[in-house]
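Each remark here refers to the structure printed beneath this line.
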Protein chains: 2
Amino acid sequence: MSQAAELSCVCGKSGNCVIYNRSVCAAGSAEDLAQLDRISHQRTYARGSVIQAQGEPCDIVGNIVEGVVKLSSTSVNGDDHIVGLLFPSDFFGRLFAEESRFSYEAATDVTLCTMNKPAFERFLVEHPAIEHEMLKATLDELDAVREWAAITNGHTTMQRVATLLYVFSRRAVNQHAKGNAPASRIVHVPLSRRDIADYLGTTPETLSRNIQMLARSKVIRNINAKHFELLNPAELIRHSGETRADLDRIASV
Amino acid sequence: MSQAAELSCVCGKSGNCVIYNRSVCAAGSAEDLAQLDRISHQRTYARGSVIQAQGEPCDIVGNIVEGVVKLSSTSVNGDDHIVGLLFPSDFFGRLFAEESRFSYEAATDVTLCTMNKPAFERFLVEHPAIEHEMLKATLDELDAVREWAAITNGHTTMQRVATLLYVFSRRAVNQHAKGNAPASRIVHVPLSRRDIADYLGTTPETLSRNIQMLARSKVIRNINAKHFELLNPAELIRHSGETRADLDRIASV
DNA sequence: CGATAACTTGATGTGACTCAACTTAAGTGG
DNA sequence: CCACTTAAGTTGAGTCACATCAAGTTATCG
């Protein structure tokens, strides 16, 4: 937070953007970025606030600069379901549609680089190279969502929990360090138990039991509610029911 | 089958394509279509045959002309998971990637309009308007996959079964008739029980029990394994746990 | 430091998976 | 074209993982 606050907008031509080299903006020329710079500006949202409500007309899109945004669907009987998590450099918002079928909510305090949706849509049509990047990114996202759907559906809660923990440990590495660095021993999961449960398709109670089970068997150690120490990564992978290669692929998206 | 066999390719300039007005080709000019016509040709696959194996390099893409293609993922322990079903006019294949993370298999006998992948990719880059349509279609698909993920995850098997039956009844209507015609009384689900189970994230046994339960309570009537008569649509909707509006939206994708 | 939310732990009921037998449908070759 | 074979679908019994309800414990924030 403190660091991101002093940075210019994501696509700023000054080039000091934290996520620049990982977002779609990377495909644009200096002039393109200058143009994007004009239609974008940074905004912060407190944890829990709604960025875009389900079914509401959406007028902003953009990139996550910092924090985690949850993409969720609330059914008629009131239970939430998280269908996606968005991390720094991920694009948010629903292009080319009147309204969003899902709600975008700040799962942590977040910093976003927001743009007026119609303005960005016009920009895309005028810049096929960047629209091409958007298409590629969307195709990757589609694969990732399907992969996650396959995981949440065919596996036990323990397998999902283990997968999530391992993927988060890898993702943190992918974002901070470069190359194929080993997984950090400390895993930070910045989500509440309820959000994790909604993402994994289970309840906070069952989730807690599984986490404690992993802690009792010395696979992880609970530092606090959102921090874990990875004592036995190999065992964690075994619990996930996936191969290491698959897990690393999921984490890389 | 018999009818599709005598039709020219999907994007044929002769304009007698069955799915033309629903596929991305609709955005192209006459010249564009002629160009597509040159790189595409129709192929048929027998039920059960693999169009594109998981993890294999993929060299073809295209549109479904007739039949149903299942997009599935096989995990290490061998159980299949269907992450998507493709119907006539849907695009298949993984653009801009070396290999497909999922396998494409013919769930019924299918007729495809296939194109050489690199050739179509080159075509897209040269035709931003059509690539724009691809992006919109992909965004729609992403929404649909997420919506389905939310359904399979938070609902009981009965709710999923009811949803599937209702959506299939609507989808058939959307494809054959035009406008907001009432749902047909006869629902045709051209998939095997195993495929349906893999799609719904359950087993053939549990699926069968739920279908028989609906039949016993006179909500549907089993004509044969793949055909059902809708005796009480309102009850079916009630069993699905969704609103009618939501179901219709799902079916329209 | 007190209040409220977040998380953990316990007890209990049940939906759905598993293994297994049976029935019906779909191919196949003589 | 019909017996034979094999696959597909249905039904049954038993078990278990997980949701639910409820109480207790630990964080978090004013």
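Reminder, nothing fancy here: chain letters follow the sequence lines and each chain counts from 1.
Heavy-atom nearest nucleotides on DNA chain C were determined for A:Ile211 and for B:Glu205, and the one closer to the 5' end corresponds to A:Ile211. Each of A:Ala225 and A:Gly201 was assigned the nucleotide of DNA chain D with the nearest heavy atom; the assignment lying further toward the 5' end belongs to A:Gly201. Nearest-nucleotide positions on DNA chain C place B:Thr203 closer to the 5' end than the other of B:Arg47 and B:Thr203.
Here B:Gly154 lies out of heavy-atom contact (under 4.0 Å) with every strand.
Regarding contacts with the backbone of D:dC18, every side-chain N or O of A:Thr206 stays at 4.0 angstrom or more from both OP1 and OP2. Regarding contacts with the backbone of C:dC17, a side-chain N or O of B:Thr202 is found under 4.0 angstrom from either OP1 or OP2.
Atom P of nucleotide D:dA17 and atom CG of A:Asn210 are separated by 11 Å, given to the nearest angstrom. The distance between atom CE of A:Met158 and atom P of D:dC16, rounded to the nearest whole Å, is 17 Å. Between the CG atom of B:Leu207 and the C1' atom of C:dG15 there is a distance of 15 Å, rounded to whole Å. What separates CZ of A:Arg193 from P of D:dT26 is a distance of 15 Å, to the nearest Å. For B:Lys226 and D:dA8, the NZ to P distance is 9 Å, given to the nearest whole Å. Between the CG atom of A:Asn153 and the P atom of C:dA16 there is a distance of 13 Å, given to the nearest Å. Rounded to whole Å, atom C1' of D:dT25 lies 16 Å from atom CG of A:Asn224. In this structure, A:Arg209 places its CZ atom 9 Å from P of C:dG10, rounding to the nearest Å.
Residues B:Thr111 and B:Thr44 bring no donor and acceptor atom of their side chains to less than 3.5 Å of each other. A:Glu242 and A:Ser240 are not linked by any side-chain donor-acceptor pair at a separation below 3.5 angstrom, with hydrogens and angles left out of the test.
The pair A:Glu147-A:Arg249 counts as a salt bridge, with a side-chain nitrogen and a carboxylate oxygen less than 4.0 angstrom apart.
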Item to complete: Begin with the C-alpha distance, continue with both residues' side-chain angles, and end with the deciding distance and a verdict on salt bridge (Lys or Arg N to Asp or Glu O under 4.0 Å) for A:Asp140 and B:Arg94.
Response: CA-CA 10 Å; A:Asp140 286 345; B:Arg94 178 57 161 93; 2.5 Å; yes
